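Worth saying up front: this structure is predicted, and the values here are computed from it rather than measured. Reckoned from all heavy atoms, side chains included, excluding hydrogens, waters and symmetry mates. Residue numbering restarts at 1 for every chain, and letters A, B, ... go by the order of the sequence lines.
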Amino acid sequence: MRIDVRDLVLRYGETTALDGLTFTLESGKIYGLLGRNGSGKSSLTSVLAAFRRQTSGEALVDGRPVFENADLTRRIGLVRDEGEAITIGTVEDALYFAEGLRPNWDAGYARSLLETFGIPPKANVKAMSKGQRSALGVVVGLASRTPLTMFDEAHLGMDVPSRQAFHDALLADYMAHPRTFVLASHLIEEAAPLFEEVLIIDRGRLVVQEDAGTLLSRGVSVTGPVARVDAFTAGLTVLGARDLGPTRSAMVYGDLDDTRRREAAEAGLELGPVAMQELFVHLTGGPR
Amino acid sequence: MRFPSRLLAANMVFALLLWGLLLVGVALVAAGVAVFGTLTESTWEKGVQLARWYALFVGVALVREYLPMYVAHGMTRRQFGAQAAVTATLFAPFLAVLVAVGYLLEAGAYGLAGLSQTLDRAHMFAEPTHVPLVLAEYMIELAAWLVAGSVIGAAFYRWDGGGLLAVPVGVGLVVLAESAIGTELRLPFVSRLALGLDVPQSPAVTAGLGLAAFLFGLALTWLVIRDVPLRNRPA
């Protein structure tokens with residue numbers, strides 16, 4: 001499902017959570033939605049899933065406003081930490097309602113995911129551990145097979161193997177049933193391999209929207225003697241630098257063409273990749 | 001609109017379970033009174049007052065638990081509102097049937113034991129075996145308690161503490177329905193406080209006021225939830 005967001009504003013009283021966001025997401029991709037705490041990620045997904053109405057601007061899915069639009073909302077799923085889609089009675093009760101409400105519900109797939117995550121079907125949802133509740137949210141989110149599926153910090157409380165199982169299941173299901181995924185996560189390095197395109201928002205505004213590979217290619221680490229690194233990076237956007245004795249490693253943001261790369265090699269400088277998390281930290285203003 | 005089969009079924013199954021437990025509890029109390037004292041009144045009449053509080057709870061849960069779940073599963077508030085209204089419309093009569101069956105079972109047991117099933121409170125019915133009147137009274141009463149719960153639950157869900165302002169509205173709905181069936185609202189621990197209106201008793205007035213309280217409660221609930229945002233986790 002295609003998403004068009006135009007001048008989107010959401011306010012909670014005096015607080016502006018979304019401040020004029022504008023972007024477009026084409027259908028059939030896995031998008032990473034990154035932002036710091038309070039950046040507006042949850043507000044954005046809430047509006048896109050019609051959990052709440054925006055203050056102004058437009059949130060369009062397949063060209064139509066999403067709020068109270070039954071034809072759209074039945075094809076949109078948002079799983080978030082609040083757990084409203086699953087917090088009812090036992091695990092079986094939660095699946096009973098999901099099956100009745102989701103037109104593309106795959107009961108067999110849901111059962112296999114329960115086994116993958118080791119979730120007992122008779123367990124009371126409210127008595128389950130945080131990680132198990134998150135895993136149940138993942139089960140419901142994936143088995144609903146909604147054309148637009150969003151996970152907002154759906155991994156909270158899950159241990160490393162469970163998170164890995166979640167990412168593997170998501171990728172496998174995406175390959176078998178292509179659709180649009182939006183993943184909001186703080187665990188950037190873990191989730192980054194899934195992302196085809198990345199949106200970074202900060203203080204309710206769009207900072208970057210880019211193909212994941214392109215974004216990573218814009219970050220380059222330049223390592224070598226301090227003076228040579230400084231000379232090479234003069235005039236470039238330097239995100240940060242670390243020194244180890246006489247050696248400096250500077251992170252540069254921007255395209256380095258072949259000529260510049262040759263110059264670096266001739267100067268004895270080493271060029272390397274920068275992790276998405278590093279780019280994220282610096283693109284959102286560094287430590288606060 | 002799809003029929004709310006799962007919403008209704010889930011609540012009916014749970015109500016049946018509670019009804020069974022209440023039956024057992026009431027039977028044990030009645031047996032204890034009969035063995036150690038003198039049983040002269042209907043025990044079910046007293047025990048079944050819990051049904052009003054259960055109806056209130058279901059009304060609250062419809063908004064507090066089911067509305068967020070349905071919206072999270074892609075239903076609009078309008079669709080959920082319609083399903084909840086149908087559920088409330090059918091669930092109150094269902095509870096009334098359970099109450100009436102309880103009276104009949106008690107009548108049978110008292111008859112076998114040679115006991116008198118005397119009623120302690122004012123009712124639309126003179127005998128617990130007057131099933132149509134038993135159904136009518138409890139249907140009106142339980143429907144009003146259910147929508148009172150949904151109004152109060154919706155207000156608390158939307159405005160947190162501001163929901164307190166909806167409590168008098170819920171009480172008003174219940175008082176209207178209790179007055180329609182010729183009784184008063186008596187609350188636990190404040191038995192001296194009896195709220196009621198002096199309403200002329202006739203089948204038309206009773207049915208009209210009962211229906212008005214129910215529909216007014218549904219309408220108020222809809223006004224609160226029609227664009228309610230799903231709650232975020234407290235920061």
Side-chain angles (χ1 to χ4, degrees), chain A residues 10 12 15 17 37-38 42-43 45-47 49-55 66-90 92-94 96-105 125-126 137 140-141 144 146-150 152-153 156, chain B residues 1-18 57-58 60-84 86-87 153-154 156-162 222-235:
Chain A
L10 178 66
Y12 304 98
T15 305
N37 290 334
S42 298
S43 296
T45 52
S46 293
V47 170
F51 281 19
R52 59 175 58 242
R53 196 205 298 260
Q54 68 269 31
T55 307
V66 71
F67 192 78
E68 286 295 274
N69 186 330
D71 184 48
L72 292 176
T73 54
R74 71 188 175 85
R75 294 186 287 147
I76 299 172
L78 167 60
V79 174
R80 57 180 194 162
D81 186 36
E82 282 77 358
E84 49 276 281
I86 56 162
T87 311
I88 191 93
T90 65
E92 284 179 339
D93 294 334
Y96 170 79
F97 280 103
E99 183 175 34
L101 293 169
R102 285 301 187 187
N104 298 331
W105 179 256
V125 176
K126 285 181 179 166
V140 168
S144 294
T146 43
L148 171 57
T149 302
M150 295 180 281
D152 182 6
E153 302 291 356
L156 290 181
Chain B
M1 187 201 82
R2 287 171 60 193
F3 186 75
S5 51
R6 292 188 185 231
L7 187 57
L8 202 51
N11 282 291
M12 282 180 168
V13 167
F14 194 61
L16 264 176
L17 185 72
L18 292 180
F57 165 79
V58 170
V60 171
L62 272 179
V63 177
R64 183 70 187 77
E65 303 289 334
Y66 289 103
L67 167 67
M69 186 178 70
Y70 272 58
V71 171
H73 277 307
M75 277 217 151
T76 62
R77 292 148 186 82
R78 190 169 50 255
Q79 287 175 315
F80 174 78
Q83 292 217 359
V86 172
T87 299
F156 272 101
Y157 185 78
R158 179 155 197 158
W159 295 301
D160 290 319
W222 169 243
L223 283 177
V224 178
I225 68 166
R226 66 196 173 100
D227 60 352
V228 67
L230 295 201
R231 299 178 76 135
N232 289 335
R233 180 166 27 100

Open item on the list: Could you check whether any side-chain heavy atom of A:Glu82 comes within less than 4.5 Å of a side-chain heavy atom of B:Leu230, counting everything from C-beta outward?
Closed with: no

- [ ] Examine distances only and state if a side-chain atom of A:Arg53 and a backbone atom of B:Pro229 form a donor-acceptor pair shorter than 3.5 Å.
- [x] no

Task: Residue pair B:Met75 / A:Thr73, side-chain heavy-atom distance below 4.5 Å - done: no

Task: Donor-acceptor contact below 3.5 Å, side chain B:His73 vs main chain A:Arg102 - done: no

Open item on the list: Using heavy-atom distances under 4.5 Å, tell me whether B:Tyr66 contacts chain A through its side chain, its backbone, both, or neither.
Closed with: side chain

Open item on the list: Which atoms of B:Arg226 are under 4.5 Å from chain A, going by heavy atoms: the side chain, the backbone, both sets, or neither?
Closed with: backbone

TODO: Mind listing the closest non-hydrogen atom pair of B:Arg77 and A:Phe51 along with its distance?
DONE: NH2-O, 3.0 Å

Task: Portion of A:Asp93 that has a non-hydrogen atom of chain B nearer than 4.5 angstrom - done: neither

Task: B:Arg6 side chain reached by A:Glu99 side chain, heavy atoms, under 4.5 Å - done: yes

Task: Interchain contact, A:Val79 with chain B, by part (heavy-atom threshold 4.5 Å) - done: neither

Task: Which portion of A:Leu101 sits near chain B, non-hydrogen atoms under 4.5 angstrom - done: both

Open item on the list: How close do A:Ile88 and B:Glu65 get, counting heavy atoms only, and between which atoms?
Closed with: CD1-CB, 4.1 Å

Open item on the list: A side-chain contact here means heavy atoms from C-beta on lying under 4.5 Å apart; do A:Glu68 and B:Arg78 qualify?
Closed with: yes

Open item on the list: So A:Arg80 and B:Asn232, do their side chains get closer than 4.5 Å, heavy atoms only?
Closed with: yes

TODO: Measure across B:Ala72 and A:Glu84 and return the closest heavy-atom pair with its distance rounded to 0.1 Å.
DONE: CB-CG, 3.6 Å

TODO: Please determine, among A:Tyr96, A:Phe67, A:Tyr12, the option with the most heavy-atom pairs under 4.5 Å with chain B.
DONE: A:Tyr96

Task: Region of A:Ser46 that comes under 4.5 Å of a non-hydrogen atom in chain B - done: side chain

TODO: Name the option with the most non-hydrogen atom pairs under 4.5 Å to chain B; the candidates are A:Gly77, A:Ala49, A:Ala98.
DONE: A:Ala98

